[in-house]
Number of protein chains: 2
Amino acid sequence: MKPEDETNEVYRFFTEVGIINQLISTKLEAFLPGRMTATQFGILGHLVRRPEGETPLQLSNAFQVPKTSMTHTLSSLENHALITLEANPNDKRSKIARSTPKGAEFLKACMERMSESLAPVLSELGFDPFHNSLPNLTLIREALDSERD
Amino acid sequence: MKPEDETNEVYRFFTEVGIINQLISTKLEAFLPGRMTATQFGILGHLVRRPEGETPLQLSNAFQVPKTSMTHTLSSLENHALITLEANPNDKRSKIARSTPKGAEFLKACMERMSESLAPVLSELGFDPFHNSLPNLTLIREALDSERD
DNA sequence: CTCCAATAGTACGATATCGAACTAAAATAA
DNA sequence: TTATTTTAGTTCGATATCGTACTATTGGAG
């Protein structure tokens, strides 16, 4: 394959990623109350799976959003009582975000509705396209991530 | 594989897609002037490859963003003289967006800088992860897209 | 210890995003 | 033809996003 075709394919890869992200965010946000965002939902899921909590900076790194966006996002989640934000005993500059029981329940309920909504797509597509591409996506994400500095 | 593991893997798929989208948008936006967005850039590319132009609605569908976002995005591109917005001779309700020569040049310049910036990642990763996952992504995008209605 | 560079998070302001309601034109029905 | 419904795009208002500049704290160098 010619180098320019390769560049082209990489470009299309990123375009598809953008469109899928858009489609899935829209689908998810239709289930979420108010103006809650797919990113907020992703952060909540991350925290529910980590009962020990994480600092805002760890979350910024995990989701690759700016610190300043994370401040805003976390305070919104805190306003809805889905997470708590406490002082970090190890570092007075820092905080620890943890999910609340309400947050965990909320996540579970949304995930269930989302699964129902995705069921037709999954039965049409089968599981393979997801299973086959996931390792490649992880590879690409890690490469982009480590190169950023 | 258990069904719940499959669900889990689908969930991770969407998470990876979100993070890659975030990483690549940030990387691209670092090259773009002012507060120009990755989506705006994507739309410009789409129009450059289609000299006959497209209507705002076609663009909304292609990128899966709301019409109302497209109005805003297109007027921003028009303000920068990267595209033109003309009346659609076939339908007085509608318009046609086309790239300008300045838009095409601008796109080319940004693409080149982006390619340079991606070169280290590509030489580390090779081309295969992109090539292998693209057909799967297209499949998933089409399924999500057709199911939306 | 004292200084200073690096780090965690925030305030602020500029834009982007997008849902709801709207206008105008086109397509369809009656 | 006239009335109704559908469609393309915009306006408006609310919120999200993020770059810049800032404060407080930490940790290392001398």
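Naming convention: chains lettered A, B, ... in sequence-line order (proteins, then strands); numbering from 1 in each chain. Treat the numbers as computed from the prediction; the structure is a model and nothing was measured.
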Rounded off to whole Å, could you give me the CG-to-C1' distance for the A:Asn88 and D:dA24 pair? 14 Å

Between A:Thr68 and A:His72, which residue's closest nucleotide on DNA chain D lies nearer the 5′ terminus? A:His72

Would you call the rings of B:Phe127 and B:His131 parallel, tilted or perpendicular if under 30° counts as parallel and over 60° as perpendicular? tilted

Looking at every strand, decide which applies to B:Glu29 at a 4.0 Å heavy-atom threshold: base, sugar-phosphate, or nothing. nothing

Contact class for A:Ser69 vs. all strands (heavy atom < 4.0 Å): base, sugar-phosphate, or nothing? base

Between the base of C:dG9 and the side chain of A:Lys95, is there a donor-acceptor distance below 3.5 Å? no

What contact category does B:Lys67 fall into here, base, sugar-phosphate, or nothing, at under 4.0 angstrom with non-hydrogen atoms? base

When all nucleic acid strands are considered with a 4.0 Å heavy-atom cut-off, which category describes B:Ser94: base, sugar-phosphate, or nothing? sugar-phosphate

Closer than 4.0 Å, any side-chain N/O of A:Thr73 to the OP1 or OP2 of D:dT17? yes

Are A:Arg98 and A:Glu86 close enough for a salt bridge, meaning some N to O gap below 4.0 Å? yes

Does A:Thr37 place a side-chain N or O at less than 4.0 Å from the phosphate oxygens OP1/OP2 of D:dA16? no

Output all residues satisfying side chain to side chain donor-acceptor pair (under 3.5 Å) with B:Arg93, sequence neighbours left out; order by chain, then residue number. B:Asp91

Tell me, yes or no, whether the heavy-atom count around B:Glu142 atom CD, taken from other residues, nucleotides or ligands under 6.0 Å, exceeds 12. yes

Can you say whether a donor on the side chain of A:Arg93 sits under 3.5 Å from an acceptor on the base of C:dT7, or the other way round? yes

Looking at B:Gln22, I'd like to know whether one of its side-chain N or O atoms comes within less than 4.0 Å of OP1 or OP2 on D:dC18. yes

Which part of the nucleic acid, if any, lies within contact of A:Asp91, taking any heavy atom under 4.0 Å across all strands shown: a base, the sugar-phosphate backbone alone, or nothing? sugar-phosphate

